[in-house]
Amino acid sequence: MTTTHSTTSASSAGPAMPLIFERSVPGSRATDLPPLDVPAGAIPAGLAAAEPPALPEVGQLDLVRHYSHLAARNFSVDANFYPLGSCTMKYNPKINEAAAAMPAFTGLHPLQDDADAQGALKVLHDTRLWLAEIAGLDEVSLQPCAGAHGEYAALKVIRAYFNDPQGGNQPQRRTVLAPETAHGTNPASCTMCGANVAKVPCVNGMVDLEALRGMVNNETAALMITNPNTAGLFDSTITEIARILHDAGALLYLDGANMNAIVGVSRPGDFGVDIMHYNTHKTFSTPHGCGGPGAGPIAVRKFLAPYLPVPQVERRGEPGKHSYFLDQDRPKSIGKVRSFHGQFGVLLRCWTYIAACGPEGLRNMSQHAVLNANYLAARLSGRFEMPYFDHRQGRFCAHEFVTVPRTLLARGVTLVDIAKRLIDYGIHPPTMHWPVHDCLMVEPTETEGKATLDRFIEVMNKIADEIEREPALLKEAPQEAPVGRLDEVAAARTPVLTAALRR
Ligand SMILES: *Cc1c(COP(=O)(O)O)cnc(C)c1O
């Protein structure tokens, strides 16, 4: 034990934890089921299993302990500071969970008649209108179920528009431009949609306007841009970028993963965006991590609305006597991109968060996200070099910042060493090596108070001291997590899933 600040779940990891299969005692049950009311012989003999499935048999208390132990070993935003850049790992207010657990919602069947599901449809309709208003755009589809899925659906919409003789009518526009700092999902979505991707160079983290001018032509469908961008900077030339695209007959697509910095402050539609996606699991506090769940609604200008996925939630009738319905009659739609209505449970949490915050609260959220990031960057910039940030020169960041700690790395430690050492101090490592090599990208989010930010600064400075005096400490980190330094490649290629964790 070398640290005094180990407050993580790691220190409560405790002794070896048996697998649930090892806890199994034949005949044990966690719940009593009602008597079987399926008549004998109802299942054709050929379809009935000869043996019961090989499930663990445990009592309720053993079951609760199993999951409680697992939960205690988890590194989570509810237990730990989680400054994972570009992921917006903010606190998920528990009111969201209360709303999503309401029996009136959980008991709905997705094929229920519209008349029986008016409340759920209203939630979707409100969410649609609110997200359109926040974007400064005209119509929203809630169907995509992740940011990357939103990109895919949006690129399909753009393709449908240019292929439509009554629409864009320029089917040759099949190239999508993306800055070299783009998130990996951007080029991946383009490839999945059959678009050619061309990389636009950046200067000082911003799009190189001259290069962009030289690249747009009558085969350009769109530029996909993230703003604030992946270097944590708001690209102030965005209206000029929009003009370059529009003058060439192409569209501007916004990757809205960084909306947390600008909600209620600036609207993509106002700075020239034609189509964008949200990541509700980032900006609007619906829980995420490890790949799901999520929602990636897309917002578009009016001329793109006919191509949005079906169905669309609509409202009819006079105010006071109105009702909600699912409009299937959209002949130019790209079709469905998801079963039923998207991730309803996630969208319901998004609705709850927006309703609870209100317009002032949402603006406050973004302002504090930006304030917190600038506070950290300003206080860390003495020892951790920041390529894009210098508050003394008026170069501020948005809701996250990038550090390339060259001086510290020159002492023979790696970014992984720093990241693993943070785990010993109970802090989730920031994003690494993205958007530039050898960087850490830190995003504190608005929900952290000053005491937590100060503790992070203290820990980062302590790690910098350790690198200068005792770098071997970092090579052995993490020492206080349930597992030490993993061979991640071997863990992925030859996972051992049947032996208990023995540390
Ligand atoms: C998170 C992220 C995405 C992908 O979003 P998912 O919801 O994880 O699919 C795309 N672009 C950027 C900039 C991101 O940070």
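Quick caveat, the model's predicted, so the values are computed rather than measured. Order of listing sets the numbers, starting from 1, for every ligand and every atom in it. We count residues from 1, following the sequence as given.
Polar contact check, Asn279 against ligand 1: a nitrogen or oxygen pair lies under 3.5 Å apart. Among the atoms of Lys282, some N or O lies under 3.5 angstrom from an N or O of ligand 1. Between Ala146 and ligand 1, a contact under 3.5 Å exists for no N or O pair. The distance criterion of under 3.5 Å between nitrogen or oxygen atoms is not met by His277 with respect to ligand 1. Any N or O atom pair closer than 3.5 Å counts here, and Ser86 shares at least one such pair with ligand 1. In terms of N/O distances under 3.5 Å, ligand 1 is approached by Asp255. Between Ala257 and ligand 1, a contact under 3.5 Å exists for no N or O pair.
For Glu151, the heavy-atom gap to ligand 1 drops under 4.0 angstrom. Within the structure, ligand 1 lacks His288 among the residues with a heavy atom less than 4.0 angstrom away.
In the model, Asn374 has no side-chain atom that pairs as donor or acceptor with a side-chain atom of His391 under 3.5 Å. One side chain, Arg379 or Tyr375, offers a donor N or O that lies under 3.5 Å from an acceptor on the other.
By the 30° and 60° cut-offs, the orientation of the rings of Tyr82 relative to His428 is parallel. Relative orientation of the Phe340 and His109 rings is perpendicular, given thresholds of 30° and 60° on the angle between their planes.
We find the CD-CD distance between Gln170 and Glu219 to be 11.0 Å, quoted to the nearest 0.5 Å.
Screening Asn364, Asn372, Asn260 for a side chain to side chain donor-acceptor pair (under 3.5 Å) with Glu446, the sole residue that qualifies is Asn260.
Scanning the protein for heavy atoms near atom 8 (O) of ligand 1, the closest one is His281 NE2, 4.3 Å. The protein heavy atom nearest to atom 6 (P) of ligand 1 is Gly147 N, 3.4 Å.
A donor-acceptor pair under 3.5 Å is formed between the side chain of His288 and the backbone N or O of Cys87.
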Exercise. Does the salt bridge (Lys or Arg N to Asp or Glu O under 4.0 Å) test come out yes or no for Glu139 and Arg330, once each step is laid out?
Worked result: CA-CA 14 Å; Glu139 199 167 336; Arg330 299 173 77 94; 3.0 Å; yes
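Distances below 4.0 Å separate heavy atoms of Thr185 from the following atoms of ligand 1: 3 (C), 4 (C), 10 (C), 11 (N).
For an aromatic pair to be called close, the ring centres must be under 6.0 Å apart, and Phe271 with Phe234 satisfies this.
When the options Cys87, Ala148, Pro435 are ranked by their closest heavy atom to atom 9 (O) of ligand 1, first place goes to Ala148.
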